[in-house]
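Let me begin by presenting the structure, written as structure tokens, before commenting on it.
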Amino acid sequence: EDMEIQVSKLLQLWIAETFILQYETASLERIAERCLEELVDRNLVMVGQRTLSGRIKTCRLHDTLRDFCRKTAKAEELFQVIHGMGATSSSSHRLCCINSHFLRYISDCEKQKQHGEKVRSFLSFGLDETTLDKDLCPISSVFKPFKLVRVLDILSIKLPYKRFPTKLLELVLLKFIAIYCELHTLPSRMSALTNLETLIVHTTFPTLKIEADIWEMTKLRHLHTNTTTCLPKCKKQSSGSENLQTLSTVSPESLKNEVFGRTKKLRKLGIRGNLGTLVEANGESSLFQSHCKLDSLETLK
């Protein structure tokens with residue numbers, strides 16, 4: 001309620017939920033964008049901000065329409081908002097939890113020995129960021145209720161753990177994940193999440209090292225981080241990720257020619273770090289040489 005929705009993330013959620021069907025030669029992202037524009041044209045969705053090129057950057061719902069959607073979604077068991085007690089008894093496949101209720105939800109699952117077998121999507125939102133108390137909620141408990149989850153967005157909840165949650169690696173059906181941890185490394189074992197399409201990781205560390213072989217995660221479309229990220233080396237035998245469209249934000253040292261050879265559909269590139277490593281003595285940059293194959297690039301930051 002009263003929040004502006006980030007369109008890029010919204011479209012990625014739609015795709016992960018398989019709401020968007022492929023047709024013609026257009027990408028799923030383009031088709032999803034057209035769907036949003038149609039909702040705007042019908043006055044069902046309001047535009048918040050637009051990009052300089054005129055595309056929708058953020059959107060929002062009118063309170064009346066939002067209430068109607070919530071009631072209809074609950075009645076059809078499509079989606080339900082968690083309010084305190086009784087959350088674990090929900091029959092809906094998609095749950096939304098306000099930040100302040102997240103700990104209660106996890107605790108209830110533990111007490112009732114329920115593991116959310118029906119939950120396929122879990123989203124948590126709030127106007128303010130919430131930090132989880134690790135004494136009240138051990139790391140082993142956070143991901144227990146989500147055995148069959150495909151979409152997990154808990155970016156607004158800071159997880160105070162310095163090691164990557166092992167339980168998360170068991171959620172092999174994940175297509176979309178957004179988390180906020182005190183991490184400096186994404187382990188190689190994360191390569192097991194072969195169904196992953198969108199990976200959003202925020203950390204409190206100034207750098208993030210990816211040890212997972214993202215080049216073998218062929219369904220990965222979007223990689224978002226909030227800090228300088230060091231990508232893994234491209235193995236010669238790696239076929240590359242044909243669907244990767246977003247790399248943001250990565251270290252300049254990671255941008256080797258072989259990286260661009262494996263990201264031919266790259267549309268968004270964010271770079272953070274010592275940009276001097278990309279500039280040659282004569283002032284030119286190898287980043288923009290034709291052999292880098294940045295033909296599809298639309299956004300560079």
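These figures come from a predicted structure and were not determined experimentally.
Atom CD1 of I56 sits about 12.5 Å away from atom CE of M46, to the nearest 0.5 Å. To the nearest 0.5 Å, atoms NE2 (H184) and SG (C230) are separated by 12.5 Å. Annotation: the span from E211 atom CD to L186 atom CG amounts to 8.5 Å, rounded to 0.5 Å.
T204 places no side-chain N or O within donor-acceptor distance of the main-chain N or O of E182, the cut-off being under 3.5 Å. Remark: the backbone N or O of N226 is paired with a side-chain donor or acceptor of R272 at under 3.5 angstrom. A donor-acceptor contact shorter than 3.5 Å links the side chain of T227 to the backbone of P206. Looking only at distances, a side-chain donor or acceptor of S156 sits under 3.5 Å from a matching main-chain atom of S124. Remark: the backbone N or O of I157 is not paired with any side-chain donor or acceptor of N99 at under 3.5 angstrom. No donor-acceptor pair under 3.5 Å is formed between the side chain of N243 and the backbone N or O of Q245. For the pair R221 (side chain) and K219 (backbone), a donor-acceptor distance under 3.5 Å is absent. A donor-acceptor pair under 3.5 Å is absent between the side-chain atoms of T246 and the main chain of K268, judged by distance alone. Judged by distance alone, with hydrogens and angles left aside, the side-chain atoms of T225 form a donor-acceptor pair with the main-chain N or O of T249 at under 3.5 Å.
Linking Ile, Leu, Val, Met, Phe, Trp and Tyr whenever their side-chain heavy atoms come within less than 4.5 Å puts L28 and L39 in one cluster. In the hydrophobic clustering of ILVMFWY residues, with side-chain heavy atoms under 4.5 Å counting as a link, L278 and V250 come out together. Hydrophobic clustering, with ILVMFWY side chains joined whenever heavy atoms are under 4.5 angstrom apart, groups L199 together with V142. Both Y161 and L103 are part of a single hydrophobic cluster, where members link through side-chain heavy atoms under 4.5 Å apart. Both L36 and L61 belong to a common hydrophobic cluster when Ile, Leu, Val, Met, Phe, Trp and Tyr are linked at side-chain heavy-atom distances under 4.5 angstrom.
Counting heavy atoms of neighbouring residues, nucleotides and ligands inside a 6.0 Å radius, atom NZ of K9 exceeds 12 of them. Counting non-hydrogen atoms of neighbouring residues, nucleotides and ligands closer than 6.0 angstrom, the CZ atom of R189 reaches no more than 12 such neighbours. For F68, the CZ atom is loosely surrounded, since the number of other residues' heavy atoms within 6.0 Å does not exceed 12.
Residues R163 and T166 approach most closely at NH1-OG1, 4.1 Å, considering heavy atoms. In plain terms, the two heavy atoms of D153 and F176 that are nearest each other are CB-CE2, 4.0 Å. When all heavy atoms of M3 and R60 are compared, the closest pair comes out as O-CB, 3.8 Å. Nearest heavy atoms, E29 versus L11: O-CD1, 4.1 Å. The two residues M190 and F164 have their closest heavy-atom pair at SD-CZ, 3.7 Å. In this structure, V172 and N195 approach most closely via the heavy-atom pair O-ND2, 3.0 Å.
Side-chain contact between I82 and Q80 is absent, with no heavy-atom pair separated by less than 4.5 Å. Inter-residue side-chain proximity for L171 and I177 is flagged as unmet; no heavy-atom pair is nearer than 4.5 Å. By the 4.5 Å heavy-atom criterion applied to side chains, L132 and Y180 are not counted as neighbours. Taking 4.5 Å as the limit, some side-chain heavy atom of L168 sits within range of a side-chain heavy atom of L174. Residues R55 and E298 have side chains in contact (heavy-atom distance under 4.5 Å, counting atoms from C-beta outward). Residues R267 and T299 have side chains not in contact (no heavy-atom distance under 4.5 Å, counting atoms from C-beta outward). Contact of the R120 side chain with the L148 side chain is registered, since non-hydrogen atoms from C-beta on lie closer than 4.5 Å. Side-chain contact between I214 and P232 is present, with at least one heavy-atom pair separated by less than 4.5 Å.
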| said: D63 vs E1, test: side chain to side chain contact (heavy atoms under 4.5 Å, CB included). Steps then yes/no. | reply: CA-CA 7 Å; D63 287 348; E1 187 175 6; 4.0 Å; yes

| query | Would E33 and R30 satisfy salt bridge (Lys or Arg N to Asp or Glu O under 4.0 Å), going step by step from the backbone distance to the final call? | reply | CA-CA 5 Å; E33 196 170 6; R30 288 288 188 232; 3.3 Å; yes

message: Using salt bridge (Lys or Arg N to Asp or Glu O under 4.0 Å), reason through R34 and E38 one step at a time and then give a plain yes or no.
response: CA-CA 6 Å; R34 291 176 195 168; E38 184 175 341; over 6 Å; no

In sequence, state the C-alpha distance, the side-chain angles, and the governing distance for I154 and F146, and then conclude on side chain to side chain contact (heavy atoms under 4.5 Å, CB included).
CA-CA 12 Å; I154 52 173; F146 309 114; over 6 Å; no

Quiz item: After noting the C-alpha distance and the side-chain angles of Q12 and H224, does the key distance pass the side chain to side chain contact (heavy atoms under 4.5 Å, CB included) rule?
Solution: CA-CA 12 Å; Q12 291 163 19; H224 296 268; 3.4 Å; yes

Point to revise | Verdict with supporting geometry, L13 and L123, side chain to side chain contact (heavy atoms under 4.5 Å, CB included) | key: CA-CA 10 Å; L13 283 167; L123 313 175; 4.2 Å; yes

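With 3.5 Å as the limit, one finds no donor-acceptor pair spanning the side chains of S191 and D213.
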